K.L.:
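First the structure, then my questions, so here it is.
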Amino acid sequence: MAEKNKEGYSAKDITVLEGLEAVRKRPGMYIGSTDKYGLHHMVYEVSDNSVDEHMAGVATTINISLNKDGSVTVEDDGRGMPVDPHPIYKRPAMEIIVTKLHAGGKFDNKAYAVSGGLHGVGISVVAALSKNMTVEVKKGGKVYSQSYKIGKPVHDVKVIGKCPAGVSGTKVIFFPDDTIFNTVDFDYKTLSTRFRETCFLNAGLKINFSDVRGTKEKSESFHYAGGLIEFVKWLNKTRKPIHVKPIYFKREEGSTVAEVSIQYSDSYNENIQGFVNTINTIEGGTHVAGLKSALTRVINDYGTKKGTLKKGQKLTGDDVREGITAVISLKLAEPQFEGQTKTKLGNGEVKGIIDSMATSALNDFFEENPSVAKAILIKASAALKAREAAKKAKDLVRRKNALGGSGLPGKLADCSSKKKEFTELYIVEGDSAGGTAKEGRDRTTQAILPLRGKVLNVEKSNPARALGSEQISNLITAIGTGVGEVFDINKLRYNKIIIMTDADVDGQHIKALLLTLFFRYVPQLIEAGHVFVAVPPFYVIKKGMKKYWAYSSDELKKKLETIGKAEVGRFKGLGEMNGDELWDTAMNPKSRRLKQVSVEDGVEADETFSLLMGDAVAPRRAFIEENADKAEVDL
Ligand code: 1YM
């Protein structure tokens with residue numbers, strides 16, 4: 001590497017790999033997609049540069065705003081992008097950084113910059129996908145500026161003013177190109193959730209975020225001196241912690257740095273959030289696996305040593321994770337991301353590294369904090385007892401009324417095809433709609449499981465009770481995979497699991513209860529894209545003997561124009577239809593509407609479920625008021 005100047009950077013370090021035309025030709029390859037996801041990644045690509053400056057210890061504050069004209073401003077107080085001339089291109093470095101793909105000393109001088117992450121393509125991709133972009137750099141007493149249109153400079157870098165000595169930083173303003181993205185409407189909550197996470201993961205960093213697009217300005221400021229410790233406390237804000245002081249440790253091995261914080265609550269769910277180079281690894285991976293195996297071993301050893309666990313008694317992983325809220329943040333030089341959404345850490349060596357780091361750190365922590373260790377041990381032992389009691393009860397029931405030959409619930413009307421990739425399970429609200437669905441279905445590929453009455457709220461009941469309830473146990477048996485430690489995706493009996501409920505309040509509630517069950521007990525099915533919600537029509541139009549359906553008021557208008565005015569009614573429920581009609585509207589793969597359930601952000605999803613389905617009333621009300629304008633909660 002060339003000799004560095006006092007900013008630690010030399011223009012020679014910049015390497016140019018490709019042209020920007022490729023970016024506009026295939027934007028999805030560079031920014032992930034051209035929908036809402038990709039649009040928001042435009043902001044992260046820019047703000048990640050600023051976060052890298054904080055990680056390098058040279059920036060404290062990032063100001064981000066969503067502006068009235070549709071543009072976004074990101075400004076930091078770091079060193080300011082280099083402006084010295086590039087030795088080969090003979091152009092100012094900032095121009096090269098913004099206009100050439102993969103131009104950046106970053107790729108060889110930082111072990112794990114954020115921008116080496118999921119897309120990590122850099123600011124040039126944002127420039128190429130923006131109608132207009134302006135970069136301003138404060139450095140060495142001067143303010144430099146250059147503007148770009150779809151990645152091409154509009155003018156040379158110019159000095160537009162002076163700044164006080166010692167002041168430095170970078171400001172980027174960009175207008176996402178609406179001919180590339182199918183939406184350019186930023187979602188405040190999506191961005192603020194991400195910025196809050198960023199600040200939890202980077203202790204001391206301050207992000208001021210404001211949205212001045214609407215009539216009422218929204219703004220939030222994030223700054224957590226306590227980092228991960230404050231993160232778990234925040235995650236537990238609607239739960240009752242069983243120990244005040246969260247567990248915390250930070251260990252390093254070579255360039256790998258692991259930071260972990262854990263706090264147990266009296267709840268029953270497991271909430272482990274993994275991050276690799278500040279990317280939320282929703283699907284987990286080897287870092288999470290390493291932490292889990294250390295926890296199981298250390299808590300078992302501690303329990304045996306203290307005599308809480310009797311000889312031969314062993315806590316399972318599920319036992320020791322009941323009520324856990326944990327964050328593991330890993331900094332890794334070359335992360336490999338796998339899985340459906342590329343959010344699962346694949347690096348094999350990491351499991352052992354984290355396991356041994358966490359084992360020694362947890363042992364130390366338990367020795368030094370016996371009261372915390374005791375509280376956790378009591379909680380895990382209670383889980384073990386409940387599990388053993390439930391097993392006894394289940395064995396008794398099984399012996400009494402031995403299950404049929406198939407071992408499947410009697411209520412399930414199974415499909416005949418054994419080819420899993422074509423099969424579907426419809427979970428239907430109510431016996432009567434269940435009956436109609438059985439008439440309407442394609443019996444080779446579609447199985448029907450009717451649910452009678454409400455499903456238990458698993459957010460509020462322990463696993464033994466939840467899995468012991470008839471509804472839930474039928475459902476889990478029908479799905480085939482099992483839950484928790486015995487979960488096995490290869491045993492999944494259907495490719496699509498489709499929740500079909502009425503569009504009324506009761507139906508919404510049942511849908512929420514089922515989604516809570518899936519999210520807490522078989523999140524792997526959501527991650528792998530197996531869970532769907534059927535969207536029944538909103539309106540029914542009757543003309544003579546014929547019925548037509550519309551799924552939105554827009555569609556209703558259009559349909560009325562073509563069919564002519566007829567009797568229009570609000571579609572009340574699945575029970576209103578006969579088998580053929582249900583087939584047409586909600587079951588025929590050619591004409592039905594399904595929504596795939598997905599989790600974009602594990603932290604936000606946990607917050608949503610714990611708030612909507614948990615115990616705390618006041619925060620729930622606040623959450624509902626805040627989200628009242630959304631007809632449905634995006635998961
Ligand atoms: C609002 C966006 O881009 N800030 C920013 C970017 C850079 C630097 C500082 C920086 C980095 C380094 C040295 C270094 C970038 N530098 C490069 C390149 N904010 C924003 N602030 N000096 C300044 O990493 O060594 C790319 S981005 F190419 F110079 F490394």
Side-chain angles (χ1 to χ4, degrees), residues 1-17 41-67 71-89 91-117 119-127 130 133-140 142-148 151 157 163 167-176 191 194-195 198 202 205-210 277:
M1 201 190 284
E3 197 184 316
K4 289 180 179 179
N5 66 8
K6 66 175 185 299
E7 268 114 22
Y9 158 85
S10 158
K12 285 200 201 76
D13 294 347
I14 295 174
T15 49
V16 179
L17 302 178
H41 261 274
M42 294 274 278
V43 184
Y44 309 149
E45 285 300 335
V46 179
S47 62
D48 281 356
N49 270 355
S50 306
V51 175
D52 284 348
E53 282 293 279
H54 176 261
M55 277 166 60
V58 287
T60 62
T61 309
I62 309 173
N63 296 315
I64 302 166
S65 65
L66 301 176
N67 306 318
S71 67
V72 182
T73 305
V74 183
E75 182 176 18
D76 67 54
D77 58 355
R79 290 167 288 186
M81 270 184 202
V83 290
D84 53 331
H86 189 277
I88 299 162
Y89 290 92
R91 308 289 302 168
M94 74 181 264
E95 177 176 313
I96 305 301
I97 293 167
V98 180
T99 58
K100 301 274 189 267
L101 196 61
H102 284 186
K106 319 202 112 195
F107 292 87
D108 38 19
N109 81 45
K110 258 183 229 146
Y112 29 71
V114 178
S115 24
H119 297 297
V121 282
I123 210 156
S124 59
V125 166
V126 181
S130 293
M133 175 155 137
T134 298
V135 179
E136 270 177 40
V137 171
K138 286 184 195 151
K139 217 178 169 80
K142 289 183 181 146
V143 185
Y144 302 84
S145 174
Q146 189 171 37
S147 295
Y148 316 84
V157 172
C163 68
V167 169
S168 63
T170 308
K171 177 154 105 179
V172 170
I173 306 156
F174 69 93
F175 291 78
L191 293 170
R194 162 81 178 223
F195 299 146
T198 303
N202 293 279
L205 170 64
K206 183 165 188 173
I207 295 184
N208 300 309
F209 177 45
S210 66
N277 300 347

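Counting starts at 1 for both ligands and their atoms, following the listed order. Source: prediction; values computed, not measured.
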K.L.:
For D48 and R194: C-alpha separation, side-chain torsions, deciding distance, then whether salt bridge (Lys or Arg N to Asp or Glu O under 4.0 Å) applies.
P.N.:
CA-CA 11 Å; D48 281 356; R194 162 81 178 223; 3.4 Å; yes
K.L.:
Got a donor-acceptor contact below 3.5 angstrom from the E136 side chain to the V143 backbone?
P.N.:
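No: the side chain of E136 does not pair with the backbone of V143.
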K.L.:
Below 4.0 angstrom from a heavy atom of S50, which ligand 1 atoms are there? Numbered from 1 as shown, please.
P.N.:
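Those atoms are 1 (C), 2 (C), 19 (N).
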K.L.:
Counting distance only, does the side-chain N/O of N208 pair as donor-acceptor with the main-chain N or O of N63 below 3.5 Å?
P.N.:
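Looks like no, no N/O pair under 3.5 Å.
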K.L.:
Determine whether any heavy atom of P82 lies closer than 4.0 Å to an atom of ligand 1.
P.N.:
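Right, P82 reaches ligand 1.
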K.L.:
Between D76 and ligand 1, find which residue part has any heavy-atom pair under 4.0 Å and reply side chain, backbone, both or neither.
P.N.:
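Side chain only.
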K.L.:
Give the C-alpha distance, both sets of side-chain angles, the deciding distance and a yes or no for side chain to side chain contact (heavy atoms under 4.5 Å, CB included) between F209 and I62.
P.N.:
CA-CA 8 Å; F209 177 45; I62 309 173; over 6 Å; no
K.L.:
Please tell me if the side chains of V98 and Q146 come closer than 4.5 Å, counting only heavy atoms from C-beta onward.
P.N.:
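V98 does not reach Q146 side chain to side chain.
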K.L.:
Test your reading of the model: is there a side-chain donor-acceptor pair from S71 to the backbone of I173, 3.5 Å cut-off?
P.N.:
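No: the side chain of S71 does not pair with the backbone of I173.
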K.L.:
Would you sort out whether N49 and V172 count as a side chain to side chain contact (heavy atoms under 4.5 Å, CB included), showing the intermediate values?
P.N.:
CA-CA 11 Å; N49 270 355; V172 170; over 6 Å; no
K.L.:
When only distance counts, is N49 in polar contact with ligand 1, meaning an N/O pair under 3.5 Å?
P.N.:
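By distance alone, the answer is yes.
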K.L.:
Return the option from H86, H54, K100, R79 holding the heavy atom at the smallest distance from atom 11 (C) of ligand 1.
P.N.:
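Residue with the shortest heavy-atom distance to the ligand atom: R79.
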K.L.:
Please identify which atoms of ligand 1 are closer than 4.0 Å to at least one heavy atom of V46.
P.N.:
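Near V46, the atoms of ligand 1 are 1 (C), 2 (C).
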K.L.:
Give the atom numbers and elements of ligand 1 that come within less than 4.0 Å of a heavy atom of V172.
P.N.:
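Heavy-atom distances to V172 below 4.0 Å select 1 (C), 2 (C).
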K.L.:
Heavy-atom contacts under 4.0 Å between I97 and ligand 1: side chain, backbone, both, or neither?
P.N.:
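Side chain only.
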K.L.:
What atoms of ligand 1 come within less than 4.0 Å of a heavy atom belonging to M81?
P.N.:
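Under 4.0 Å from M81, ligand 1 has these atoms: 3 (O), 6 (C), 7 (C), 15 (C).
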